Amino acid sequence: MSDETLTADPPAESASHRGSGGGGLDRATMFRWGVRLVIAILVLTPPFYFEPSWLRVGQYVMIGAVGAIGLTLLTGQAGQLSLAHPFFMFVGGTTYCVLGSEDAPGRVGFGLPSLLALFGAIAVTAALGLAFAPVSSRVRGVYLGVATLALVYVALYLGQQWSSLSGGTARGRPSPDLNLFGLHTLKAEPEITIFGTEFQREHRVYLVFALILLIAYLLAQGAVRGRPGRAWRAIRDSESAASALGVNVKRVRAEVFAISSAYAGLAGVMTVMWYRLLKPDESEFAGTYSIVVAIAFLAMILIGGLGSVGGAIAGAALVFGLPGMLTLTIGGSEMFGTSGAHAITPTIFTAFVYGAAIILVVLFEPGGLAALGRRLKMTFARTQLGSTLLSPKGS
Amino acid sequence: MATSALAVENVALSFGGVKALDQVSFSVAPGTIHALIGPNGAGKSTCFNVISGVYRADSGVVRVNGNDVTGLRPHQLATRGLGRSFQNLALSMHSTVLDNVMLARHSRTRGGFLASGVRWPAMVAEQRKHTARAVEICEFLGIERLLHAPVGGLSYGDAKRVDIARALATEPEVLLLDEPAAGMNAGETAEVAELIKVVREALDISILLVEHDMTLVMGVADRITVLDFGKVVADGTPAEVRNDPEVIRAYLGEQD
Amino acid sequence: ACGGDDDEASSGGTGADGVKGGPGITDDTITLGVMTDLTGPFKDFSTTLQAGHKMWVDEVNGKGGICNRQIKLETLDHGYKADTATIQFPDLEPKVAGFMELLGSPVIAALKTDINDKQVTTMAVSWSSELLDQPYVIIVGTTYDLEMINGLDYLLEKGDIKKGDTIGHIYQEGEYGGNGLAGAKHFAKENGIKLSEAKVTSTDTDMKAIVTKFKGEGVKAIALTTSPAQTASAATNNVGLGLNVPMVGNGPVFAPALLDTPAANALSKLYVVASAVPYTSPLPKAKELAKAFEEANPDIKPSFTVQYGYAQGLIWGQILNKACESKDLSREGINAALKASDNITTDKLVSDLDFSKPGSPSSRDVYIAQVDKGTKGGLKQVQGLKVGKDAKTYKAPHEGM
Amino acid sequence: MLLQVSDLTVRYGRTIQGLADVDVDVPEGSVTAVLGANGAGKSTLLRAISGTLPLHRGKVAQGKVSLEGRDITRLDPAEIVAAGVVQVPENRQIFGTMTVEENLRAGALIVPKDKRGPARDRVYELFPRLLERRTQRAGLLSGGEQQMLAMGRALMSSPKLLLLDEPSLGLAPKMITLIGEIISEINAAGTAVLLVEQNAAMALKVAQNVVVLEVGRLALTGTAADVKDSPELAALYLGGHGDSHESDAQSDGEAAAPRTPVARRTLSKWQG
Amino acid sequence: METFIQVVVNGLGKGAVYALLALGFVIIFKASGVLNFAHGSFVLLGGYVAFRTQEDLGFVLSAILGVATAGLGALFIERVLVARRPLADPIALALLTIGVDVILTEEIIRRIGLDIPFLGSPYDGKPVHVGEVTFFRTHLIALAVGAVLVTLFFLAFRYTGWGVAMRAQAENREAAALMGIRRGRVTGTAWVIAGVLAGVAVLFLATQDFSGSGLSRSTHAIALVAFPAAIIGGLDSTGGAILGGAIVGLTEALSAQYISFEFSKVAVYIVMLAVLIVAPSGIFGTRERTRV
Ligand SMILES: Nc1ncnc2c1ncn2[C@@H]1O[C@H](COP(=O)(O)OP(=O)(O)OP(=O)(O)O)[C@@H](O)[C@H]1O
Ligand SMILES: Nc1ncnc2c1ncn2[C@@H]1O[C@H](COP(=O)(O)OP(=O)(O)OP(=O)(O)O)[C@@H](O)[C@H]1O
Ligand SMILES: [Mg+2]
Ligand SMILES: [Mg+2]
């Protein structure tokens, strides 16, 4: 990607060197908080306006965003190409189900509290990511990309073979409810009413996902701007230099792979919650944990701008969100044929739009949406209003 | 005799048929500037690579402050007070200058994914302290204006300064500089020479220097070792080396 | 897709004619949902299935509809993708009284809990007996396990296989193949026959390795629970590698388009077992439908799903009529009508169906047809509706719960 | 006039100005030296001539480069090479994964087949070290060896105009002398050379004309003899401290503070 | 024993086609550093054109037309999309190929509609029996064609300036431009060749000897199976592509026979992982070595 995308934003700690000094509530800070407030409102209010279908699209986007953040850390920041996300999603989802549900005939379950199961899933995927170190710290570039593809096949195979854990391809196994201190996220009943507003299941799932995404985002952003991020970018650019400066390259490579795996594992848990079902795929080319999904994640982080955490979310909105949104807007439309051998059905149309969107992004903004955002910000900063609001001294 | 800051003893390394280093021995006395010179391909950078753990020598021993460090990995050496710059600028071209320099503080600071992620206050405070130091070093090298510029857009000479700043930022006891003045004109080279001296004085460290600019070498070095075809062919004070006929023949050429 | 319209549709009140309404019911229409695959692997299958639906809808509406209401279908294509279907479902569900078609095992699996939560009666286009524990899911006809048992019974009767023989079974990963395998296992156990299993995924198309293995093991017949493409490859290699044994497969293993491929000649030893009539069945109703279909769709290759789709309509018609009689077209009313239906008939397009015993397949009878290039639709009926001896005794997974 | 650069202004990205209104002439058969501090725009000038600016996200904003009267300002680099201009870029840029020999082959792609062998022999004769390392991966050569290879690769073709960006970078004193001799020799054979050098002594020895750049602008043009003979000029532009001629280009055109003189810079010991 | 021989014969036959596909990946990767995800759709494109024209033109002409279309299609994509972004990172270009792949595949599958397109009727489905062992003609011809094409390519690569130019420009665009190498020509040629190889491969892939579905989404997917073949051999090695193809074909066939069919795909990847742990750049791939 273009140079710009690969640059981390200047580290937060360095702000003091840019002369903003004082630290009081200057206009820039106010502006920043204002922007955050607007985003928070935009993200948190949809449950009150949108229908369940649309909320599901939103939830799905957030799953993609969490996974994509993990991948952008690994691929964008640390330069390790990985297609193994579906594998870790699958493992995360499976672990959550195994830990969180009761033992049943033909199905292993530990019946742990669901929150514990959630963290267990993250821990297990992180550990597995670490266990892949012999490959992830030795193999590089495209070779690593295809090597990680092996894991997708392993997931497919294990999902089929190990049905006591996965539930088998035929039926899968239901997701345990996420019980957040008495709040049943996934159960249809009871509906909770707060301040006269009904919180249906889709509302609850949406808000819980938003919370997870927020935490995932903040952690990643902090790491990127801080010490780990510097090490990642350093090994991406020159391993020997990084190592001569005191970075344990093998360890950092293994660690970032594990972190990325944990993100994927979390996305896997969310996936299971979204479907309320864990179901291994029947084939490697179609399904929830398939190669198509691996490529979709790659597309997200590239569209978003390699290495950019915010961009990963934007990329997820496009890649995971667009098809759903199109389905809902044009799904039953008469404009498209639904019969006949060669009809352009909404599904095909959606694929065209998706493909075209990818091409357009690369052609017109090779730095991804993150670069576009930066550019808009720069343009805004040059306007009268922008310069007053954004100038560090608020002058 | 005080233990030397850095000692290379009978180090040999060959690549295929090429003997890049052939029983090389020399030592750097504490607090001195020691130059390593020799024709192109003589094995100077290879020697640096062996000292800093990038290459593993076929035989021989490397000591830092008297301790045997042979075979340690580069990052282990970095934490033992060995800092180095690179002949061909191994910088992160897409990162900012400050980012590049801060990397050198990696092993001196704590803070993994979670601590950085939640911006653990103790960690943030520590990072701030180290950032201030990184900025101080950049000011010292005269690149403070470029702190937030991506390295990729710098001119060659400025990039070279970033590389030196980064080596300094590891807070080394022994500093290895590989051609720090390459790509600089006479005035800038004099500036670098001055900086090297200041560094030695202010930080009280030992410096091993590879450089082809004789004005610089002769001006700053306390002692010089000359390599040719992987062998030490001369070792002495600048004055001795300058007049060594073997050195003139192999390296300096007929000066006018 | 914004709110508003579904409020009227889902008005739980009672209509002008005193019939209790529900989602998808208005005073003059009954809306049924269709979630199908028009772009993915089941494109061929669904295209003709939709034609069958349409024939039924037109016919019923021509006669004044059901319960004085016109039937309307809301169709969505999910392309065999569970995620798309998961998003579509909450959008479509409030608008419909029930689902005329829900296709695709990953989709059905993903929507199972939603279907239960919303209590929406759903006709699944899947014949897995694994689904029989679902109170709101209708399976029309015999399940895959029973199809397979019936088919193998047929070969046994014919003398193609006997006790002590080995037979090979190629089956697809997932609900479909798993259920077929359950049948084959039952048959093998009952008859002292050795079973060599080979699992494939839906995207595998080259069966050469498997047939080579079967040949090495000396199998006497090949059972298939596969996709048509896989069937074609298995058949070609069966002949190509010189194995040449009879093959028997579940309903979905065959598609008429295969007869236009080079595999056509190799397919003549394939027997297809299904609870729906073959396209060219001599049955009068089947003939009538075939004729109507060809007139309306000259450019689409015919297939048995034309009649099957029509039969699905007939079944829904009987359920809705029953619900109408009880003056209750609400979701509960429809499901109660389903549960009370112990003898639904479809002019023999599908065997008679009994939905009153939860866990038990609605029928055990099958048609057996042989692939025949000369026949339209490619299948020549070789045995009318019949239950094999092992099929009678077989106990489905959720039976007797 | 072989090469005429007139009124050239170059920008990197949208705002960074690399060169402003620069005029340089390279007469046929001459050696012209380009001198200047780090960041003065020397490499930028060569990139503008060889057409490789776009590869650095830069573009010619104004002005013109013409070769023998033909406008080559926005031509593709390959076409400019075909027109007879070959550049040895800054920082070597050899093909690291290819062997020494393959690097030389890559240098001779535009040369008729029968000329390739002799050209290669000549390079090996000039740099026997390269002959010794013929089958070695170029990326594993020492810095100086790579520099020799970069030079040798350019010598494989016989251009009208050779652009050299710091050919003495990282070379031992003896090798620098040799490079100087080689430049004079190919110049004598008819090739004009535009030479960017930090080693002013060597540059002044081989060059007839001198151009000095300062913060992207032309500070001086003259003959080598003039510069050598004028101690003030020499001190000001070639030997003096770089402090006064600092580039302000990076900081969006804002006037930047010059580097603090070395004498006033200090570094305290780290008290960690 | 016969079974074993049969298994090996099957494996090598498939391996030849994998090698053709793998070589296509390798060439594009070598010339432009791009991992081409659209390779599968080149396969579909060539196959589709050959299928639609074979009734009118006969097999030979339609095959030539199909191969040519695949080559030109690849060139078109290179010219219109890839070449437009000379500065883009190879990964961004890989993304571009994903976009192209989605559209092209979806469109061709839509056009195929309910047809089941088969190719290769002159040699397809006419096995030769030698004792108990069956040789499929499709496999034999694929082996022969593969050997010839790969050798030709290898020679061209070795002994013409084109090979050097290609590697030079993949490694350092600026330096290559300064050698007078025209980027467009070199990458353009590479894409054409890759497209042609894909077009040739489909003439074997869409046969009943190879698949039961003719040309379908699965054909497209097979192109992805060639990934491990390219990787095992080493992405920048032509000889490696051949070896990789053979290894993948044999691993698949042997593990399907002696372990289980469903394991065979995993087996291929496990073999690949094992190779990579020992040789991180494949068997013949140039080890990424840098010095400081
Ligand atoms: N990794 C390697 N593999 C093979 N040969 C190598 C390797 N590293 C160095 N060499 C060879 O060893 C010799 C010494 O190289 P080295 O880089 O140490 O030289 P140097 O003294 O630093 O020269 P310069 O002044 O040109 O930088 C050179 O001839 C070089 O080609
Ligand atoms: N790719 C680039 N992007 C942005 N700015 C650039 C780029 N390349 C050069 N510059 C800027 O343009 C100015 C001129 O740079 P140039 O490389 O031409 O200097 P130079 O005279 O060759 O210096 P040196 O002697 O250090 O090589 C510098 O200020 C530099 O920061
Ligand atoms: Mg060196
Ligand atoms: Mg320069």
Side-chain angles (χ1 to χ4, degrees), chain A residues 1-18 73 76-77 79 126 215-252 255-256 258-260 262-263 306-307, chain B residues 49 52-54 73-79 82-86 89-96 98-100 102-120 123-128 130-132 134-135 144 147-148 150-153 163 166-167 169-170 176:
Chain A
M1 290 264 130
S2 80
D3 295 357
E4 293 89 337
T5 44
L6 295 165
T7 317
D9 295 330
E13 307 95 273
S14 71
S16 55
H17 302 286
R18 280 185 295 170
L73 296 184
Q77 292 280 331
I215 295 172
Y217 170 81
L218 290 177
L219 282 178
Q221 195 69 303
V224 164
R225 292 189 175 164
R227 180 172 172 272
R230 274 193 300 271
W232 295 337
R233 293 188 290 279
I235 59 167
R236 176 192 71 197
D237 294 335
S238 167
E239 287 193 4
S240 20
S243 118
L245 292 163
V247 180
N248 185 342
V249 172
K250 284 213 157 126
R251 190 167 137 188
V252 170
E255 268 172 12
V256 68
I259 290 168
S260 163
Y263 268 88
L306 260 185
Chain B
N49 283 338
S52 62
V54 175
R73 311 243 304 279
H75 66 269
Q76 294 168 318
L77 279 157
T79 55
L82 197 83
R84 72 168 287 186
S85 75
F86 296 89
L89 293 181
L91 297 167
S92 288
M93 288 303 169
H94 303 301
S95 302
T96 60
L98 184 63
D99 239 21
N100 270 283
M102 274 301 283
L103 179 67
R105 313 300 289 185
H106 186 85
S107 56
R108 301 196 156 260
T109 49
R110 301 266 70 80
F113 177 74
L114 286 178
S116 308
V118 302
R119 299 188 174 82
W120 191 252
M123 191 222 60
V124 172
E126 186 196 56
Q127 286 288 326
R128 189 163 287 149
H130 284 269
T131 310
V135 173
E144 69 277 9
L147 281 179
H148 300 290
V151 172
D163 192 35
R166 207 168 60 164
T170 55
L176 312 182

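All chains are named by letter (A, B, ...) in the order of the sequence lines, taking the proteins before the strands, and each is independently numbered beginning at 1. Keep in mind that the numbers below use all heavy atoms, side chains included, and drop hydrogens, waters and symmetry copies. Everything numeric here is computed off the predicted structure, so don't read it as measured data.
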- Message: Hydrogens and angles aside, do Arg227(A) and Thr109(B) bring a side-chain donor and acceptor to less than 3.5 Å of each other?
- Response: yes
- Task: Counting only heavy atoms closer than 4.5 Å, note whether Phe86(B) contacts chain A via side chain, backbone, both or neither.
- Result: side chain
- Message: Counting only non-hydrogen atoms closer than 4.5 Å, does Met123(B) touch chain A with its backbone (N, CA, C, O), its side chain (CB onward), both, or neither?
- Response: neither
- How many angstroms lie between NE2 in His106(B) and OG in Ser243(A), if you round to the nearest 0.5 Å? 11.0 Å
- For a side-chain contact (heavy atoms from CB on, under 4.5 Å) with Leu103(B), tell me which candidate from Asp237(A), Leu245(A), Ile235(A) qualifies. Leu245(A)
- Note on the structure: Heavy-atom closest pair (Ala223(A) atom, Ser116(B) atom, distance to 0.1 Å) is CA-CB, 3.9 Å
- How long is the span from the NE2 atom in His94(B) to the CZ atom in Arg236(A), to the nearest 0.5 Å? 6.0 Å
- Query: Between atom CZ of Arg233(A) and atom CG of Asn100(B), what is the distance when rounded to the nearest 0.5 Å?
  - Reply: 9.5 Å
- Euclidean distance, Arg225(A) CZ relative to Arg119(B) CZ, rounded to 0.5 Å: 6.5 Å
- For the atom pair NE2 (His75(B)) and NZ (Lys250(A)), what is the distance rounded to the nearest 0.5 Å? 10.0 Å
- With only heavy atoms counted, which part of Ile215(A) is less than 4.5 Å from chain B, the side chain, the backbone, both or neither? neither
- Message: Quick check: closest heavy atoms across Ala244(A) and Ala78(B), and the distance to 0.1 Å?
- Response: O-CB, 3.4 Å
- Query: Heavy-atom distance under 4.5 Å between the side chains of Arg73(B) and Asn248(A), does that happen here?
  - Reply: yes
- Query: Which of the residues Ala167(B), Ser92(B), Ser85(B), Ala115(B) is involved in the greatest number of heavy-atom pairs with chain A at under 4.5 angstrom?
  - Reply: Ser92(B)
